[in-house]
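Step one of this worksheet: look at the structure below.
We count ligands from 1, going down the list as the structure has it; atoms in each ligand are counted the same way.
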Amino acid sequence: MRKLYLIGIGAGNPEYITVQAIKALNKVDVFFFMDKGEAKQDLVTLRKEICEKYIENRSYRMVETADPVRDPTISDYTARVELWHRQRSLIYEEMIAKELEENQCGAFLVWGDPSLYDSTLRIIDQIIARGMLCFEFEIIPGITSIQALAARHKISLNGIGESIVITTGRQLATGLSGTADRIIVMLDGQCSFNSVLDEELDIFWGAYLGMDEEVLLSGKLSEIASRIEEVRKEKRQKNGWIMDTYLLAKPRTVPQAGSSTTDIA
Ligand SMILES: C[S@@+](CC[C@H](N)C(=O)[O-])C[C@H]1O[C@@H](n2cnc3c(N)ncnc32)[C@H](O)[C@@H]1O
């Protein structure tokens with residue numbers, strides 16, 4: 001039977017990869033990639049570098065396909081993403097059927113970990129539900145951007161016995177994230193921290209975590225929000241893309257930061 005691996009490769013640094021992931025990489029015959037356009041070519045390149053670095057004495061193939069474009073005419077966000085996932089699942093299904101022989105092993109290299117804001121698992125579930133293609137699959141966990149953020153700022157994510165909320169910039173902007181003491185924000189292209197009215201909050205921000213271009217900034221949100229926005233814009237322009245994640249923390253639960261002042265590296 002065909003076998004598929006969803007391998008979490010960590011969020012940016014080739015050395016975030018686990019021993020379990022390296023063992024899985026060395027069993028794969030065909031790697032499947034989604035081409036997300038020129039601006040995000042760095043992300044595909046990193047996946048290819050990982051294969052070259054960790055796969056020994058084994059021949060493998062790489063199959064790349066273009067990512068379908070989300071339909072901008074669908075105004076409802078969830079409906080738009082659901083349709084996009086359906087389109088992706090049909091493309092994946094065809095690609096697996098065509099490129100992977102019955103006794104072969106294929107893999108998707110998933111940024112960070114497959115459980116966090118990633119559609120690969122949902123897409124695999126859709127293919128299984130359609131019942132046209134038979135395969136077994138296994139997930140290899142990876143280091144998420146949240147763990148990378150905490151490690152690089154030398155902070156714990158939660159206060160003693162407290163909860164943390166993980167959310168998106170979109171949800172934060174609409175005030176849907178509740179009143180947790182600590183909030184992790186991902187997928188924020190709009191600097192939604194500007195919509196947060198609590199002047200006292202601290203922010204621990206990181207972009208390109210684990211990569212050569214990494215930038216870290218931390219301090220009082222009200223004091224450094226505009227600096228983050230400026231740096232974000234500048235880096236995005238320079239590199240053609242940016243991925244950033246941040247923790248918002250109420251001051252009474254301020255994490256023991258490695259540095260309490262703004263720092264940039
Ligand atoms: C589609 S989600 C993928 C998350 C990924 N599965 C993970 O485990 O981190 C993309 C978002 O993850 C965050 N992210 C991923 N890699 C990052 C990095 N190296 N530095 C900063 N943020 C990152 C950003 O918030 C970005 O918008």
Run the side-chain donor-acceptor check on residues 94-102: report pairs under 3.5 Å with partners two or more places apart or on a different chain.
unit_1, atom_1, unit_2, atom_2, d
E99, OE1, R61, NH1, 3.0
E99, OE1, R61, NH2, 3.4
E102, OE2, R2, NH1, 3.3

Review point. Among all protein non-hydrogen atoms, which one is nearest to atom 26 (C) of ligand 1, and what is the separation to 0.1 Å?
Key: M243 SD, 3.7 Å
Point to revise | Residue and atom name of the nearest protein heavy atom (relative to atom 16 (N) of ligand 1), distance in Å to one decimal | key: W111 NE1, 2.8 Å
Exercise for review: Starting from atom 22 (N) of ligand 1, locate the nearest protein heavy atom and write down its residue, its atom name and how far away it is, to 0.1 Å.
Suggested key: T245 OG1, 2.8 Å
Check your understanding: Sub-3.5 Å donor-acceptor pair from the side chain of N26 to the main-chain atoms of R58, do we have one?
Key -> no
Check your understanding: Has G210 got any heavy atom lying under 4.0 angstrom from an atom of ligand 1?
Key -> no
Review point. Are the side chain of H153 and the backbone N or O of W205 linked by a donor-acceptor pair below 3.5 Å?
Key: yes
Review point. Does D113 use its side chain to pair, donor to acceptor, with the backbone of G142 at less than 3.5 Å?
Key: yes
Exercise for review: Enumerate the atoms of ligand 1 whose separation from the nearest heavy atom of T144 is less than 4.0 angstrom.
Suggested key: 8 (O), 9 (O)
Point to revise | Shortest heavy-atom approach to atom 11 (C) of ligand 1 - which of L187, N13, D113, T168 | key: L187
Revision key, fill the gap. heavy-atom search around atom 9 (O) of ligand 1 in the protein gives S145 OG, 2.7 Å
Review point. Looking only at heavy atoms, what is the nearest atom pair of P251 and E200, with distance?
Key: CG-O, 3.4 Å
Check your understanding: Would you say I17 and Y54 make side-chain contact, with heavy atoms under 4.5 Å?
Key -> yes
Practice item. Could you point out which residue of R236, K233, K235, R232 forms a salt bridge (Lys or Arg N to Asp or Glu O under 4.0 Å) with D244? Key: R232
Practice item. Taking the six-membered ring of Y77 (Phe, Tyr or Trp), confirm whether the NZ or CZ of R170 is under 6.0 Å from its centre and within 45° of its axis. Key: yes
Study note, to complete from the structure: Closest to atom 24 (C) of ligand 1 among protein heavy atoms sits D244 O, 3.2 Å
Review point. At a 4.0 Å threshold, what atoms of ligand 1 neighbour a non-hydrogen atom of A11?
Key: 16 (N), 18 (C), 19 (N)
Point to revise | Minimum-distance protein heavy atom relative to atom 4 (C) of ligand 1 | key: L116 O, 3.4 Å
Review point. Is the NZ or CZ atom of R88 both under 6.0 Å from the centre of the six-membered ring of W84 and within 45° of that ring's axis?
Key: yes
Practice item. Starting from atom 18 (C) of ligand 1, find the nearest protein heavy-atom neighbour and note its residue, name and distance. Key: L209 N, 3.5 Å
Exercise for review: Report, in ascending order of atom number, the atoms of ligand 1 lying under 4.0 Å from any heavy atom of G112.
Suggested key: 7 (C), 8 (O)
**Study point:** Test of proximity, D118 against ligand 1: N or O pairs below 3.5 Å
**Key:** no
Point to revise | Protein residue, atom and distance nearest to atom 3 (C) of ligand 1, heavy-atom basis | key: Y117 O, 3.4 Å
**Study point:** Ligand-residue contact atoms, ligand 1 with M186, heavy atoms, under 4.0 Å
**Key:** 4 (C), 9 (O), 12 (O), 13 (C), 25 (O)
Exercise for review: Give the C-alpha distance, both sets of side-chain angles, the deciding distance and a yes or no for side-chain contact (heavy atoms from CB on, under 4.5 Å) between I184 and T245.
Suggested key: CA-CA 7 Å; I184 298 276; T245 304; 4.1 Å; yes
Point to revise | Per-atom contacts, ligand 1 versus G206 - under 4.0 Å to a heavy atom | key: 21 (C)
